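All values derive from a computational prediction rather than experimental measurement. Every chain is numbered from 1 and lettered A, B, ... according to where its sequence line falls, protein lines coming before strand lines. Atoms considered below: every heavy atom in the structure, side chains included; atoms not considered: hydrogens, waters and symmetry mates.
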Amino acid sequence: MLSKFIDIAIIQGTIRMATPIMLAAMGAMVTGLSGIINIGLEGMMLLGAFFAVVGSYYFGSVWLGVAVALLSGLIMALLFAIFTMKFRAHIILIGITINAFALAITVYFLRDWFNVAGAFSDNAIVGFNTVKIPIIKSIPILGDILSGYTPIVYLSWLIIISMHIILYKTPLGRHLRAVGENAEASETLGIKVKGIKYLAVILSGIFSSLAGAYLSLGQLTMFTENMSANRGFLGLAANIFGMGTPIGGALASLIFGFADSLAMRLQGWETIPSQIVLMIPSALPILILLIFSVRKKKELKNFKEENISKLLSGK
Amino acid sequence: MAYAVEMLGITKYFPGVVANDSVDLKVKEGEIHALVGENGAGKSTLMNALYGLFQPDEGTIKINGEKVVMQSSNDAIQRGIGMVHQKFKLIPSFTIVENICLGSEPRKNKYFIDKKEEYKSVVEISDKYGLKIDPSSKIRDCAVGIRQRVEILKTLYRKANILILDEPTSVLTPQETDELFKVIRNLVNKGKTVIFITHKLREVMEISDTVTVLRKGKLTGFKPTSETNENEIARMMVGRDVLLRVDKKAIESEQKPILEIEDLVSTDNRGLVALNQISFEVKPGEILGIAGVQGNGQSELIETITGLRKIERGIIKIRSKKINRFSPKSIRETGISHIPEDRIERGLNLDATIEENLIVTSHDKKPFSSMGIFDFNKIEEFSEQLINEYDIRTSNSKNKAESLSGGNMQKIVVAREIEEDPDLLIAAQPTRGVDIGSIEFIHKKIIEARDQGKAVLLVSTELDEIMSLSDRIIVMYEGEIVKIIPGGIADEEELGLLMAGIVPDTLQSKMRREAK
Ligand SMILES: Nc1ncnc2c1ncn2[C@@H]1O[C@H](COP(=O)(O)OP(=O)(O)OP(=O)(O)O)[C@@H](O)[C@H]1O
Ligand SMILES: [Mg+2]
């Protein structure tokens, strides 16, 4: 019975659906650790998705598409950093502004540049091909699980591993974590607090626009209105449940991905009411994470309290 | 002998105040130099300038005879200056080693932290200077005394030769202070120079070679310690004679107790028993002092009474009414007010103004608000009055609490809680970090409250304070009451023994004599 739900396709679907959330979670993590709550991830992802399509359409190259997406992420991140750190605007308000701006401007550009409403697809847009990893692809089961995704999936794994190494093994990572916990103390020890915060915000912009490029050139080869569909916020949530660690954030993202993937599978089943199926992507992760958080209650409580007080003070 | 530090004609302005007014400070190499002065006299400001946290508006600084301009604390560190601040600057979730090496980690392969090396060098320094620590425990699990050691190690790891300690003893128990003094002597023997800020003149006499006194931003004294005494220093600090003893008249109280505690049991944060069957009562017109080495259940006791900690068993009554399950707010409304032991953590909102901090416990009541609307005139009037009466040094009642000096922050909490006009005043370390003039004043206020028939529960690690104020003393040890004794009967030595859980024979016979 269970094998009807859990098969290779579900696992593959989980990984595919989890990838953009994972990338957003890494963005939420670097900013969160440096003491910044970046809810603009959502908008940065949406812009990334749009500009990836634009780049790919005009230059006829998928990688140039990604480059244009990353450039948009970089610019949004710099704006975010300058407004919050130089002009001291409230961090949450700037995040909301970025999200609203991204939604509106992509709709506008769709009309203005491509004369379409809702979605833009064209044969001139070059999307990603899947990668078949030699040797690994011929291992039974494992080969199917590990091989056959678009390059950004592998890139996201690389990012998670590098983040883990940077955070726990290098001075830079340690300084980043110190800045978020006690900026004043870090400052007196000669750590460049501002520089580190800028770096964190820029990384979050790059990660989330990469997630956007994955949506519009990896999963599909088109752009649709509000394509990010709250994945940026899911990334923020995944980071909280992952307690600010790369591995934790990645695992939490996989749970979200799994729920998505399961819901898609069950859509075809007539015996299950569609309302239940629609509930799965949000209800299942809540359930799983609830069980998890009851077991890790205390650590999680500390982590959340810190984040909530940061959220309220907007610093 | 050469001067390690010369600060000449230092002036520093803050909006509305001259924090340092053409101050000189000369510190010889290899000496222990005490820097004293009232709250807000400008001690921390002067030291922050020496540590490069800001530049003075006027004046010059020389280190080992060489004129220097320091743009940041990095420059100061480069020149061998290290500072332990009044408020510790540590990362709670990091280990001791990680905190000590933060910002100057040893590296391997250029990009990675050499974790073995950093562990090794921390252990080496801690052995060399006799600062015992457990290198891999997290700061958040460490007691204050240990945190302070970590701060000192941080400066030594950065090869500091001149150490600035800003009020290191105000957060320590007498035992921890003795330990710290051993460490300081050890440092000086190994060639370091130490500048040491304190409000306790006894400590100045005990440990320093030279003393510099500031008052209201100006230099008022500079002498070798051996050529002066406590009274003279006090006069230089305050500008008048200070009564170091309190007078109080005896009160006979036969009334019903205000606070009654029966068989109270509670646990600490780790879930271990912190209070084991505690019973006592406090009557109107009585100051009940609780003595004990920190960490023997005093904090938990106060937290249970004020509703901040769960009660496992037992009963707490206010005027015969059980308050076990009351919220902190409704407990306050029964007539209790509370000066918490940690002013920053529990007593203040540093981001809020002085005014807001002064009314925060009664902002929702008349005269400060009616029908949910503030009366700002009343609030301002009240704040101005308290600022004057309690001598809170600030240029404006609308400044943020953050801008105050450490002792003036404490005065805000004390003023607010005493002016609540409570039936029971719980005062935990009420004079922590305040200068002798203000100690005298706060003590007078506490006795005044008692003379008006209020009950006072005083918790302090300062034996002097307990002995001079209390009508009765409870000594706690490992969560239990060792003994309840009448005030003024035990001497310092006997109290010390009680605090170690031992009831001395001499005390037994004294108490028997008293009973007759
Ligand atoms: N950042 C600041 N902004 C405005 N005023 C300040 C600031 N820092 C200090 N002051 C003011 O400068 C004066 C000196 O303060 P300082 O902290 O040096 O006193 P202190 O001698 O260390 O007192 P304490 O014994 O209470 O710690 C005080 O009047 C204080 O209010
Ligand atoms: Mg000070």
Side-chain angles (χ1 to χ4, degrees), chain A residues 29 32-35 88 90-91 161-196 199 242-245 248 296-315, chain B residues 48 51-54 70-78 81-85 87-95 97-115 117-118 138-141 147 150-151 154-155 157-158 164 166 269-271 349-352 402:
Chain A
M29 182 193 70
L33 288 178
S34 76
R88 311 231 156 222
H90 194 285
I91 241 165
I161 295 167
S162 339
M163 287 315 294
H164 181 82
I165 293 173
I166 292 173
L167 283 184
Y168 303 111
K169 308 237 183 277
T170 70
L172 178 65
R174 188 182 282 177
H175 297 175
L176 178 83
R177 291 186 291 136
V179 165
E181 232 182 289
N182 191 342
E184 201 192 337
S186 311
E187 185 102 56
T188 48
L189 292 173
I191 295 172
K192 302 260 182 299
V193 172
K194 273 240 164 98
I196 286 196
L199 180 70
M243 291 191 295
T245 64
K296 286 228 156 188
K297 208 164 141 197
K298 203 173 158 218
E299 280 172 63
L300 201 64
K301 189 172 155 253
N302 285 342
F303 185 81
K304 271 197 257 173
E305 274 172 6
E306 273 169 30
N307 273 280
I308 287 169
S309 61
K310 270 181 210 156
L311 194 76
L312 292 178
S313 67
K315 273 185 191 154
Chain B
N48 286 342
Y51 191 56
L53 288 178
F54 48 68
M70 286 178 288
Q71 307 281 359
S72 70
S73 47
N74 254 350
D75 291 352
I77 293 169
Q78 297 269 308
I81 300 171
M83 179 159 179
V84 176
H85 297 266
K87 209 177 119 199
F88 295 155
K89 297 183 189 283
L90 296 170
I91 316 289
S93 78
F94 280 22
T95 65
V97 172
E98 286 168 344
N99 266 287
I100 291 174
C101 302
L102 184 64
S104 339
E105 296 83 0
R107 298 181 184 216
K108 62 175 182 202
N109 304 332
K110 203 161 167 213
Y111 297 109
F112 297 96
I113 300 172
D114 191 341
K115 293 196 180 174
E117 175 64 32
E118 69 176 355
K138 295 218 160 114
I139 289 295
R140 85 156 71 86
D141 305 325
R147 290 183 194 203
V150 175
E151 287 283 18
K154 250 163 85 178
T155 66
Y157 175 81
R158 288 166 179 72
I164 306 166
D166 194 351
N269 291 342
R270 292 163 299 175
N349 176 354
L350 292 185
D351 268 340
E402 193 178 40

**OP:** State whether E118(B) and R174(A) are salt-bridged, where the test is any N-O pair (Lys NZ or Arg NE/NH1/NH2 against Asp/Glu carboxylate O) under 4.0 Å.
**Re:** yes
**OP:** Of all the heavy-atom pairs spanning L102(B) and A178(A), show the shortest one and how long it is.
**Re:** CD2-CB, 3.6 Å
Original post:
Is it the backbone or the side chain of L90(B) that comes under 4.5 Å from a heavy atom of chain A, or both, or neither?
Top reply: backbone
Original post:
What part of K108(B) gets closer than 4.5 Å to chain A, counting heavy atoms only: side chain, backbone, both or neither?
Top reply: neither
Residues 71-78 of chain B, side-chain donor-acceptor partners within the protein, below 3.5 Å, at least two apart:
{"unit_1": "S72(B)", "atom_1": "OG", "unit_2": "N74(B)", "atom_2": "N", "d": "3.2"}
{"unit_1": "S73(B)", "atom_1": "OG", "unit_2": "T188(A)", "atom_2": "O", "d": "3.3"}
{"unit_1": "D75(B)", "atom_1": "OD2", "unit_2": "Q71(B)", "atom_2": "N", "d": "2.9"}

Original post:
How close do Y168(A) and K115(B) get, heavy atom to heavy atom, and via which atoms?
Top reply: O-NZ, 2.7 Å
Original post:
Quick one: are K89(B) and E187(A) in side-chain contact, heavy atoms under 4.5 Å?
Top reply: no
Subject >> Any side-chain heavy-atom pair of Y111(B) and L172(A) under 4.5 Å >> reply: no
Original post:
Counting N and O atoms only, with roles assigned by atom type, does the side chain of N182(A) sit under 3.5 Å from a partner on the main chain of I91(B), one being a donor and the other an acceptor?
Top reply: no
